[in-house]
Amino acid sequence: MMMQALLKKVQSKGIKILNNITLEHFEESNNSVKIKTNLLEFSTRKLFIATNGFAAQLINEDVKPARAQVLITKPIKRLHIKGTFHLDKGYYYFRNIDNRILFGGGRNLDFKGEETTEFNETEHIQNALETLLKTTILPETPFEIEHRWCGIMGVGLSGQKKVIVKPLGNHVYCGVRLGGMGIAIGSLIGKELVQLLD
Ligand SMILES: Cc1cc2nc3c(=O)[nH]c(=O)nc-3n(C[C@H](O)[C@H](O)[C@H](O)COP(=O)(O)OP(=O)(O)OC[C@H]3O[C@@H](n4cnc5c(N)ncnc54)[C@H](O)[C@@H]3O)c2cc1C
């Protein structure tokens with residue numbers, strides 16, 4: 001919903017969105033920033049880097065990728081779990097959504113392996129999620145998994161959790177390291193980035 005609202009707003013202002021294009025390199029000069037992508041090159045007056053967990057590919061800041069794996073069950077009849085729950089110091093998260101269990105986590109089982117920008121699920125973590133679901137969350141309820149996926153977060157190298165919002169030059173700015181909070185605070189970070197222009 002947030003992304004739909006953002007796209008609607010951007011399009012209503014006539015701003016062009018280029019999808020499926022990768023910024024490979026940028027270089028700042030006196031009045032502009034030269035942009036090189038995998039498809040084309042152009043110059044812009046300002047550049048905001050908001051690539052979060054992927055940021056280390058472009059800038060030298062204290063941010064690294066942290067993948068998080070998730071699964072969701074098919075709808076379950078008479079599912080009594082209501083609300084949002086965390087377990088094991090918050091490394092696991094589950095909730096009822098439309099009578100399904102959405103369950104994610106287990107990054108602590110393989111911190112090094114999950115320090116990646118690759119969109120893949122692993123057997124080790126997916127099995128751990130399924131086992132916890134069977135033994136702890138739904139021990140007496142049969143269920144089937146409908147879908148499994150993952151996402152990439154951006155976290156600090158030393159466990160630092162503060163977002164980095166700052167200028168990197170006269171015309172380049174970054175808003176990265178949103179941790180597991182980017183849905184909640186992403187639009188505010190956008191506002192803070194724009195305020196750096198004032
Ligand atoms: C499983 C999971 C559950 C989460 N749950 C919550 C939650 O409950 N609440 C919450 O607030 N947050 C949650 N988060 C965190 C939240 O999703 C992120 O903080 C948020 O998506 C970050 O948004 P972003 O726009 O900064 O980065 P992203 O959404 O990662 O967007 C960055 C974009 O940049 C693109 N990109 C990367 N490199 C380049 C390049 N060189 N050129 C062009 N494009 C590039 C990427 O393809 C990507 O589309 C969760 C994350 C995960 C993975």
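Counting starts at 1 for both ligands and their atoms, following the listed order. Since we're looking at a predicted model, the values are computed, not measured.
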Discussion item. Are Leu102 and Tyr93 packed together at the side-chain level, in the sense that at least one heavy-atom pair is separated by less than 4.5 angstrom?
Written reply: yes
Fill in: Lys36 with Glu24: basic N within carboxylate O range, under 4.0 Å
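Salt bridge between Lys36 and Glu24, a charged N being under 4.0 Å from a carboxylate O: yes.
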Item to complete: Name the orientation class of the two ring planes belonging to Phe85 and Phe94 (parallel below 30°, tilted from 30 to 60°, perpendicular beyond 60°).
Response: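 Ring orientation of Phe85 relative to Phe94: parallel.
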Is there a nitrogen or oxygen of [X] sitting under 3.5 Å from a nitrogen or oxygen of ligand 1?
X	value
Ile183	yes
Ala68	no
Leu23	yes
Gly53	no
Gly179	yes
Met153	no

Please list the nearest protein heavy atom to [atom] with its residue and the distance rounded to 0.1 Å.
atom	result
atom 34 (O) of ligand 1	Thr51 CG2, 3.7 Å
atom 11 (O) of ligand 1	Ala184 N, 2.8 Å
atom 28 (P) of ligand 1	Asn52 CB, 4.5 Å
atom 6 (C) of ligand 1	Gly180 O, 3.7 Å
atom 20 (C) of ligand 1	Gly182 CA, 3.8 Å
atom 1 (C) of ligand 1	Val70 CG2, 3.4 Å
atom 46 (C) of ligand 1	Phe54 CE1, 4.0 Å

Worksheet item: Using a heavy-atom cut-off of under 4.0 Å, does the side chain or the backbone of Ile21 touch ligand 1, or both, or neither?
Response: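 For Ile21, the contact with ligand 1 is made by the backbone alone.
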Practice prompt. Could you see which bit of Thr22 sits under 4.0 Å from ligand 1, with heavy atoms only: side chain, backbone, both or neither?
Written response: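 Both backbone and side chain of Thr22 come within 4.0 Å of ligand 1.
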For [X], does the [atom1] atom have more than 12 heavy-atom neighbours from other residues, nucleotides or ligands under 6.0 Å away?
X	atom1	answer
Lys8	NZ	no
Lys161	NZ	no
Asn120	CG	yes

Specify whether the nearest protein heavy atom to [atom] is under 4.0 angstrom away.
atom	value
atom 13 (C) of ligand 1	yes
atom 26 (O) of ligand 1	yes
atom 8 (O) of ligand 1	no
atom 49 (O) of ligand 1	no
atom 3 (C) of ligand 1	no

Item to complete: Flag yes if Phe48 and Ile17 sit in one hydrophobic cluster, no otherwise; membership is Ile, Leu, Val, Met, Phe, Trp, Tyr, and two members link when side-chain heavy atoms are under 4.5 Å apart.
Response: no
Worksheet item: Do you reckon Leu193 sits in the same ILVMFWY cluster as Ile59, going by side-chain contacts under 4.5 Å, direct or chained?
Response: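 No, Leu193 and Ile59 fall in different hydrophobic clusters.
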Fill in: Closest heavy-atom pair and its distance - Glu28, Asn170
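Taking every non-hydrogen atom into account, OE2-N, 2.6 Å.
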Item to complete: Identify the heavy atoms of Ala55 and Val63 that sit nearest to each other, and give their distance.
Response: CB-CG1, 3.8 Å
Worksheet entry | Atoms in ligand 1 with a heavy atom of Ala50 nearer than 4.0 Å | 26 (O), 32 (C)
Discussion item. Under a 4.0 angstrom heavy-atom cut-off, which atoms of ligand 1 come close to Leu178?
Written reply: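 So the atoms of ligand 1 that pass are 19 (O), 26 (O).
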Item to complete: Tell me, with the steps shown, if Arg100 and Glu146 meet salt bridge (charged side-chain N to carboxylate O under 4.0 Å, His left out).
Response: CA-CA 9 Å; Arg100 303 161 184 264; Glu146 174 136 323; 3.5 Å; yes
Worksheet item: How long is the span from the CG atom in Asp98 to the CD1 atom in Ile72, to the nearest 0.5 Å?
Response: 7.5 Å
Worksheet item: Rounded to the nearest 0.5 Å, how far apart are CD1 of Ile35 and NE2 of His25?
Response: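 Atom-to-atom, Ile35:CD1 and His25:NE2 are 10.0 Å apart.
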